[in-house]
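Report on the following structure.
Scope of the values below: all heavy atoms of this structure, side chains included, with no hydrogens, waters or symmetry mates. Fair warning: this is a prediction, and the values are worked out from it, not measured in the lab.
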Amino acid sequence: MVTFVEGPARVSVPATSANLGPGFDSLGLALDLRDELEGEVLASGLVVEVEGAGAGAVPLDESHLVVRSMRAAFELLGEQPPGLRLSCRNVVPHARGLGSSSAAIVGGVVLARALVAGGELLLDDGALLRLAARIEGHPDNVAPALLGGFVVSGQEDGEWYAVGSPVDPRVGAVVLVPPTPVSTEVARGLLPETVPHADAAADAGRAALLVAALAGQPEHLLLATRDYLHQSYRRPAMPESLALVEALRADGVPAVVSGAGPTVLAFTDGPEGPTTRAVLGRTPQGWWSSHLAVDTAGATVRTSA
């Protein structure tokens, strides 16, 4: 029989950027911008509170993505709690290509495990990754959200895999976030069913180079982030984002569409470095921008004890 912990548990989950140019549906990077979740088992009922991103727009019932993810994890753990309180403080912007849904899913499954005594023995990180990837449908965002850092992930013969790869400490990122969202469904709907073999081969080579560039040769990031498979097809949904990517790249800055967009991510130097300052200075009017370090911790837990 499952024993639930007394008092609240708190989980922090990072934003993530997937694809990173050529790594379509396979490469993801955790960024130091974190949603905070708090959960507690109650005697009965469901209470959901949301502040920050999504407040007033997301549902406050069983259909909330964090709640659904918690329910799925509790199912694997063997028992649903009699009641549940969930508080979310969201800073990862929604529908901008920074992994807000993955943060919700990973936050939910990790929080559910933290609310069960001995939960890590019943459900290890591998099981959480498989569950989160199944809920999301692909692992490129949920893997770095759970594990932190730069992760290569995918599916083979029905099994999910995720392998961490190092990131040179000189590498940072600037995100430039437009005010208007674009849903992942809309962005994916613009992609063709087939692409030329030459484009697929070029993307495979760039993705391999990107792993090496991030690991210790950042001077190759401009070449390594060239994409042939998805970004240009998404131009109708985010013309300003693609124009900014092209303008930055023309000036030698390794810029990409973050995930399904419309956020633009540019690899830069440190928070006060000249490239970072130059990119931040090109933020379009009405957009939000920030330098973000690579997050290496992934989802973290803190209990009341």
Non-hydrogen side-chain atoms of [X] and [Y] separated by less than 4.5 Å:
{"X": "Arg249", "Y": "Arg226", "result": "yes"}
{"X": "Arg10", "Y": "Thr300", "result": "no"}
{"X": "Val66", "Y": "Ile105", "result": "no"}
{"X": "Leu292", "Y": "Val174", "result": "no"}
{"X": "His138", "Y": "Glu136", "result": "yes"}
{"X": "Phe74", "Y": "Val116", "result": "yes"}
{"X": "Leu147", "Y": "Pro144", "result": "no"}
{"X": "Phe24", "Y": "Leu191", "result": "yes"}

Decide whether [X] and [Y] meet the rule of one side-chain donor and one side-chain acceptor closer than 3.5 Å.
{"X": "Arg96", "Y": "Thr263", "answer": "no"}
{"X": "Ser26", "Y": "Asp140", "answer": "no"}
{"X": "Arg85", "Y": "Ser87", "answer": "yes"}
{"X": "Asp269", "Y": "Thr276", "answer": "yes"}

Do [X] side-chain atoms and [Y] backbone N/O form a donor-acceptor pair below 3.5 Å?
{"X": "Ser183", "Y": "Val186", "value": "yes"}
{"X": "His230", "Y": "Gly21", "value": "yes"}
{"X": "Ser102", "Y": "Gly99", "value": "no"}
{"X": "Asp168", "Y": "Leu214", "value": "no"}
{"X": "Gln231", "Y": "Val257", "value": "yes"}
{"X": "Arg89", "Y": "Glu36", "value": "no"}
{"X": "Arg113", "Y": "Gly119", "value": "no"}

Which atom pair, heavy atoms only, marks the closest approach of Val177 to Pro93?
CG1-CG, 4.3 Å

Where Asn19 and Ala260 come nearest, the two heavy atoms and their spacing:
ND2-N, 4.4 Å

For side chain to side chain contact (heavy atoms under 4.5 Å, CB included), just list the numbers for Ser101 and Leu65, CA-CA rounded to whole Å, side-chain angles, deciding distance to a tenth of an Å, and then say yes or no.
CA-CA 8 Å; Ser101 65; Leu65 183 54; 3.9 Å; yes

Hey, are Arg71 and Glu62 close enough for a salt bridge, meaning a charged N less than 4.0 Å from a carboxylate O?
yes

Strictly below 4.0 Å, N to O, side chains only: are Asp251 and Arg282 in salt-bridge contact?
yes

Quick one: do Val152 and Leu221 end up in the same hydrophobic cluster if we chain Ile, Leu, Val, Met, Phe, Trp and Tyr together by side-chain heavy atoms under 4.5 Å apart?
yes

Between Leu20 and Val182, is there shared hydrophobic-cluster membership here, with clusters defined by ILVMFWY side-chain heavy atoms closer than 4.5 Å?
no

For the atom pair OG1 (Thr225) and CZ (Phe267), what is the distance rounded to the nearest 0.5 Å?
7.5 Å

Taking the six-membered ring of Tyr233 as reference, does the NZ or CZ atom of Arg235 fall below 6.0 Å from its centre and within a 45° cone about the axis?
no

Report the C-alpha distance between Leu86 and Val47 in whole Å, list the side-chain angles of each, state the deciding distance to 0.1 Å, and finish with yes or no for side chain to side chain contact (heavy atoms under 4.5 Å, CB included).
CA-CA 6 Å; Leu86 170 67; Val47 178; over 6 Å; no

